Each structure stands twice: as C-alpha cells, then as structure tokens.
Amino acid sequence: MKRLLAILFGGSFVCLGWAQEVHIPLNDGWSFCQVGKGEWYPAEVPGVVQTDLLRQGLIPDFMWGSNIDSVQWIENEDWTYKRNLFVDDTLLRHGHLDLVFKGLDTFAEVYVNDSLLGKADNMFRTWEWPVKALLRKGANELKVIFRSPIEEGAKLRDAYGIQLPHDNDPSGVSPYIRKAAYQFGWDFCPRLVTSGIWKEVELRGWSVGRIHGVDITHLFDSSGVIIRISPRVNVSDPDVDRACGMSVYFWANGPDKPPTVLGGQAQGGGSFRLETPNLWMTNDLGKPQFYKARAELTCNGEVSSVWDGNVGVRSISLDRSKDTLGASFAFVLNGKPLFVKGCNIIPPSLIPTVSDTAWVGLVEEMRVAGMNMARIWAGGLYPPDAFFHACDTAGILVWQDHLFGNMTPGDTAFMENAEQEAFEQRERLERHPSLALWCGNNELEVAWRHWGWQERYDLHGVDSSKVRMAYWDLFDEQEGYLHHSWHTPAYIPTSPLSNWGHAEGLTKGDLHYWGVWHGDSTFSSFKNNVGRFVSEYGFQSYPDSALLAKYIDPDSLYLGSPAVTRLQRSYKTDRPIWDAIERELGEEKPTTLGDFIEASQRAQAKACGMAIEAHMKAQPYCMGTLLWQLNDCWPGPSWSIIDYEGKPKPAYEVVKDLYLSPGKQ
C-alpha cells in the first residue's frame, strides 16, 4: 500500500465571554418519570433510567445476585426527562443559541416549551438544534421523551420485512437500532438495555462565527513536510469574511519559543513547513512527540472562538500486499513495519455513562504492560475524547471498529444515519495521532459465510440477496457508506478478513483464532494456527472470590451454586475451563470454588502466553497479536486479563513479561 503521512492532533475549544462563543452546561436540575405514571423523581445527567431508578430505591441493585433479571421490564417502557432553563437578556443577545445533546440513548423526542424541537434515533451521534426562536425571557422547560428501544426496534423490523440474524438478542430488534450491541447480551455479560441522556447537555451561544473543527492537510517530500491547518467555521452571514479573520499559530520550535503566526480570511487557514519533524511514535519505539497549535477567529475586532490542540506528525499505513505466502497484514509506522502487541477493549461497564477516568485507566494498564495498540470492539461504545488523548500521550495506536455487531437493514434512512454517525466520529477522532485504522464491523463477513445464518433465520432467495446487498452498500471498501469519504487512516470492511479453521485463513489478512475455547482445541494448537495478524484469541478465567463476594451472597460462593453458575454467559459453559485444568495443567479437578478460580486463572495465563509466544516467534510472517480481552464490564467469568474492578489476573503479568521482553520484537 502506498505510504501515507498523517498529520493528526488532539484539541479542545475554548469558551470566552458573553459576546463570544459560550458553552453553558445543562446537566443539573433534571427530573424523570415513567410515561403514564405521573410521579417525578430527581435524575442525574449524564445517566440512564436504570441508574436513576436505582438511586431512588425503585429497583434493586441490578449488579447484585440475580437482580438483573428483575429489571428487564425497563427496556419496554417510555420515560420522560425534564428541567427548567432560565433565559435572560444577556443570553438572548447572542445571534445563535443551540441546544446540544452529546448523547441521547436512543429514540428520543426533544421539546422546548412543549414545542417539538427534533427527534433522535442514534446513541452514537451528537444531536443539536437551533433553539433561540423557541426560548422566551424567563423560565423555559426542556423535555425529552425516550421511547422503548424494543418497541421502536420492532417497528423498524416490521417495516423492513426481514428478520436479520440476532444470535445475542432474544428480542431480535438490535440489528435495526444504532445502539451498543453488548447491551442486548453477549457471551461475557448479561442484557441491560438502557435509555437516557447518557452524555453531557449544553446551550451554546455564538453570534457572527464559530470554529467547530479543524482539518489538516499535508505534503510530505524529501525535505520535510508542509502542514496546513484549516479551521472549519460556522458563519451567520455569507459575507462573514468582511467582519472576521482567522489567525493560526504553530509552535514549530517548542511551546516555550515564539510561534509562527499566519492570518487571513475567516474561512482560511495556515501552512507551515517542518524540515526535520519530530515524529510521533509508539511507546516501544520512543517518546511520542507533539507540536502545539492554535486557531483564533476574530470578528468585529474581538476574538469570538478559539481552538487549541497538539499536532502529532507520523506516517501510518496498512500493508496488505500480496506475497508468495498469501497477503500481508502489517502496520507501517514512520516508514518501518511495526510488530503490534496489544489487546481488545470492551466498555468498562454495563452502564454507558462510565467516567472518563475508567477509560483512561485502561490506557495506563496497556502502557504498563508494554502494549502499543488497542482494538476498540464493534459491539461496544466509541471511547471518549479523554481515552484518545491518553493514547496519544502514551504512544498507543488505536484500531477503531465502527460499532456494527449485527447485519444491518439496507433502507436509506438507516444508511444515512450510519453515514452521519461515521462522519461525526471521523471528524472527532482523526485529529489523534493514535488513530491507526477504521474497521467496518466485527465478524459479519465470516459469520455470513460460515455460521449458518441463512438456514437458522430462513434467509434465502430474495431475502438473502437483500441482506447481502445491504452489507456491501454499508461496508464496501471502495463504495460503502462508511468508507467513501475516508482518506486517512486505512479502512478495512470487517475483522477478521480470514476465517479460523480453514488453511487459507492463516495466509492472508487478520485472523480471529478461536480453535481454543470455541473449537475445543488444545493450547498447543496456537503455534500451528498463526495468521498474518491475529486480532482475537483468548481463554476464560473467573475473577477472585473476593470480588464475587461483593456481588453474590457469600453463602452462595461454592462450586456449582446457582448464583455462581448464572455468571457464566458463554454457550460453552465452564467445560473448556475444566478440560484445560486437567489437560493443560495436568491436575485433578478442584473441589472448592477458590481452587477452581485459581486454576482457571493459571490456565488462562498459560493459554495467553503460548499464543503470544507463537505469534512473536512467527515474525515477520505474523505482524501482530491482539488478545481478547483486556477488561470486563461485569463481575463474572470472561476472557479478560483484568477483572471488573481493575485487578490484574495472572495472565496480565504473563502478557506484560512477554510484551516487554527485549528481543521479542
């Protein structure tokens, strides 16, 4: 693949005085009720219905025992949130007032003073509407009605006329909804389908113009690189250039030296040459380097909007060229092939409103373990900005899946919704030097070809063709809705590109190797099933009994108890663990829960170690290893090497020793 140079950055926007752009938080003062019940209770925003109900003592703690089974009714109900907003003359002096919801989960109707402002139908998008015309001086009411995702999903399914595969979701509605797939249940967590204002809310005021983003273009040649910083500007008047100007600052010689400043029209930007740029790199190669940058929009003699950010300069490409053995799958960083050592990441909690701190903590765990890449799995959530800023600083690349864990409908509304989601995420994330790859989905190509979905869901003839065409319309590498506007970094339509269990799958593309666990293979099979890049593999273990005791009655902490048994979400049950204890560890079956947990963790550590050693020894044939999975969202058995509360399991130490070992790369 042609070598590309990406100039990326992380940044933030600065809020200024009343005459300039302002951002007024609206997270406080909300209350909620169940539609049709009429009794209002205090709410917490960001949040979801389940946590608000729990806070008011209206449902039991769904993380305790079997209580999660008793709160499933919530997903079938409608819920209303409201708060008051006081507006004064100072606020109304802004030319524009926008109501901004950074996350609505998922089917929502937004009202201002009982006038419908707009509707939302995607958990992963930002929703904003101009609201000044509906606001009045004094008290105003904001109201958001959340419709049942199950009822709305059923309507979409019925309208589409085809039941799409839904292995993880008994309701069968998740393929039609832009919502985190793991909430409908997965093999590492139970079902908890949320609704609510799950991200921050704000009122944004501005007048003549505002910076709402920054684009970077570049020209890399033998003598250096030219960086062009081009702010994106919202304007209230096509003739804004008469009243506004743009100044772009770039600290080429360090933050303590005077910057280079270029000025011009509001819609313009600035170009800067670096003869010998300090390159951003992963932590195993050195220290990540950054340049400071700033853009100021000045209107009518006053600074009205500011962007500040750090620019990382690095080339990143994905080599998928054909060779005598098949086709490679290797990341090339700053002109040199990189052996990738990393993990897959799932959301840190069943509740999507988990704090930035939890996400950033995962970055530190990766850094300490010598990892240089994280794959963000398609069934979860897009991480917050803080996660990507932390990866930038820690020198950890990010493989970002688009969040598609199910086959999708092919109607225009769904496609355009998905396209807008992708566009928003691209604008948000491509500014980060850590971003290395966009991937269309998780396992949908191999599932369609090898998992028997056509028979199981009676998808034949016209229905089968329709589902297949919808897949390519969305994910196609050249013409799909997700890819058509992509330039950097690289894009692949699905992961894995090759299927385990077939010899061809070992010779090209990335591989999810699940012969161990799903295929009942011995741990020794890892060394005989090394692909060009192994992006999933692993083995389950249980968390310590001390953690389980926080979520289960201590009297139930014994082998075979119903409380312990129900924690296992894999269709394979605990059988692969029992088999591994006897076969791989050469031990008798444990007779106590404590001994079983301890043995499960040692078996997992051995499996991870054998897999990573096999992948590392196969260089340069194999150029990456991403174990499944780093973290947990639930206190139960899973493939994680760090438990739900952040305690490393023995496998984490084994992985760290291998990833940090000199001479392994």
Side-chain angles (χ1 to χ4, degrees), residues 1 317-332 337-344 371-373 375 377-378 397 399 401 436-437 439-453 475 477 490-540 572 576 580 583-584 604 606-629 639 655 658-659 664-665:
M1 177 174 285
S317 62
L318 179 62
D319 180 7
R320 293 170 59 191
S321 59
K322 294 182 179 179
D323 55 30
T324 58
L325 300 173
S328 64
F329 192 99
F331 288 90
V332 180
L338 175 74
F339 186 82
V340 167
K341 304 172 292 183
C343 64
N344 287 262
M371 298 183 184
N372 60 18
M373 179 176 279
R375 174 183 176 230
W377 171 67
L397 293 168
W399 163 331
D401 281 359
L437 180 71
C439 176
N441 66 74
N442 176 70
E443 296 186 342
L444 295 185
E445 178 69 15
V446 295
W448 182 256
R449 292 188 177 188
H450 302 286
W451 292 6
W453 278 353
F475 299 114
E477 200 161 353
Y491 170 85
I492 58 174
T494 187
S495 177
L497 295 173
S498 304
N499 191 50
W500 71 273
H502 298 266
E504 184 184 16
L506 302 178
T507 66
K508 60 183 182 180
D510 75 305
L511 172 72
H512 294 185
Y513 179 62
W514 285 112
V516 173
W517 190 266
H518 293 295
D520 295 324
S521 297
T522 64
F523 290 1
S524 62
S525 69
F526 281 122
K527 68 172 180 275
N528 299 319
N529 290 274
V530 177
R532 308 305 298 267
F533 188 109
V534 189
S535 48
E536 278 192 22
Y537 61 89
F539 194 79
Q540 271 200 4
K572 300 289 288 187
R583 182 187 66 232
E584 306 293 343
Q604 181 191 45
K606 182 177 181 179
C608 290
M610 292 179 68
I612 292 171
E613 285 185 335
H615 302 159
M616 286 183 161
K617 288 179 180 178
Q619 299 176 61
Y621 179 85
C622 176
M623 285 302 289
T625 176
L626 299 176
L627 66 90
W628 181 271
Q629 65 211 61
W639 295 265
V655 170
L658 287 168
Y659 282 173
K664 289 293 184 179
Q665 183 170 320

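In what follows, every heavy atom counts, from backbone to side chain, and hydrogens, waters and symmetry copies are set aside. All values derive from a computational prediction rather than experimental measurement.
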With sequence neighbours left out, write down each residue that passes ring-ring contact (aromatic ring centres under 6.0 Å, His included) with W448, or none if nothing qualifies.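 Partners of W448 under the ring-ring contact (aromatic ring centres under 6.0 Å, His included) test: none.
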Restricting to ring-ring contact (aromatic ring centres under 6.0 Å, His included), what partner residues turn up for H502, sequence neighbours left out?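 H502: ring-ring contact (aromatic ring centres under 6.0 Å, His included) contacts with H450.
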For a 4.5 angstrom cut-off between non-hydrogen side-chain atoms, does [X] reach [Y]?
{"X": "V530", "Y": "L506", "result": "no"}
{"X": "P496", "Y": "E443", "result": "yes"}
{"X": "F539", "Y": "L627", "result": "no"}

One thing to verify: whether D323 and R532 come together as a salt bridge, which I'm taking to mean a side-chain N less than 4.0 angstrom from a carboxylate O.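 Answer for the salt bridge query: yes.
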Might you point out which heavy atoms bring [X] and [Y] nearest each other, and give the distance in Å?
{"X": "L511", "Y": "S498", "answer": "CD1-O, 3.9 Å"}
{"X": "Y659", "Y": "T625", "answer": "OH-O, 3.4 Å"}
{"X": "W453", "Y": "A447", "answer": "CH2-CB, 3.5 Å"}
{"X": "F339", "Y": "N372", "answer": "O-ND2, 3.1 Å"}
{"X": "F329", "Y": "M623", "answer": "O-CB, 3.9 Å"}
{"X": "F331", "Y": "A436", "answer": "CE2-O, 4.0 Å"}

So, does [X] use its side chain to make a donor-acceptor pair with the main chain of [Y] at under 3.5 Å?
{"X": "S328", "Y": "S321", "answer": "yes"}
{"X": "E584", "Y": "F523", "answer": "yes"}
{"X": "Q604", "Y": "Q540", "answer": "no"}
{"X": "D401", "Y": "R375", "answer": "no"}

Show your reasoning for whether side-chain contact (heavy atoms from CB on, under 4.5 Å) applies to W377 and Q629. CA-CA 10 Å; W377 171 67; Q629 65 211 61; over 6 Å; no
Please evaluate residues E613 and L658 with respect to the criterion side-chain contact (heavy atoms from CB on, under 4.5 Å), reporting the C-alpha separation (whole Å), side-chain torsions for both, the decisive distance (0.1 Å), and the verdict. CA-CA 7 Å; E613 285 185 335; L658 287 168; 3.6 Å; yes
What's the spacing between [X] [atom1] and [Y] [atom2] if we round to 0.5 Å?
{"X": "N441", "Y": "F475", "atom1": "CG", "atom2": "CZ", "result": "4.5 Å"}
{"X": "L444", "Y": "R449", "atom1": "CG", "atom2": "CZ", "result": "12.5 Å"}
{"X": "I492", "Y": "C439", "atom1": "CD1", "atom2": "SG", "result": "4.0 Å"}
{"X": "L626", "Y": "H512", "atom1": "CG", "atom2": "NE2", "result": "8.5 Å"}
{"X": "S525", "Y": "Y537", "atom1": "OG", "atom2": "OH", "result": "13.0 Å"}
{"X": "S535", "Y": "N442", "atom1": "OG", "atom2": "CG", "result": "9.0 Å"}

Testing Y513, W639, W514 for side-chain hydrogen bond (donor to acceptor under 3.5 Å, both in side chains) with E536, which one passes?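 Among the candidates, only W514 passes.
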Pick one: which of V332, L437, D510 meets side chain to side chain contact (heavy atoms under 4.5 Å, CB included) with L318?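 The side chain to side chain contact (heavy atoms under 4.5 Å, CB included) with L318 is passed solely by L437 among V332, L437, D510.
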Picking from H615, M371, M616, what satisfies side chain to side chain contact (heavy atoms under 4.5 Å, CB included) with K341?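 The residue from H615, M371, M616 that satisfies side chain to side chain contact (heavy atoms under 4.5 Å, CB included) with K341 turns out to be M616.
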Sequence-distant partners of D520, salt bridge (Lys or Arg N to Asp or Glu O under 4.0 Å), two or more places apart: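 Only K572, R575 meet the salt bridge (Lys or Arg N to Asp or Glu O under 4.0 Å) criterion with D520.
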Pair F526, V516 - check side-chain contact (heavy atoms from CB on, under 4.5 Å), show working. CA-CA 8 Å; F526 281 122; V516 173; 3.6 Å; yes
Let me see the working for L338 and M373 under side-chain contact (heavy atoms from CB on, under 4.5 Å), right down to the final yes or no. CA-CA 11 Å; L338 175 74; M373 179 176 279; 6.0 Å; no
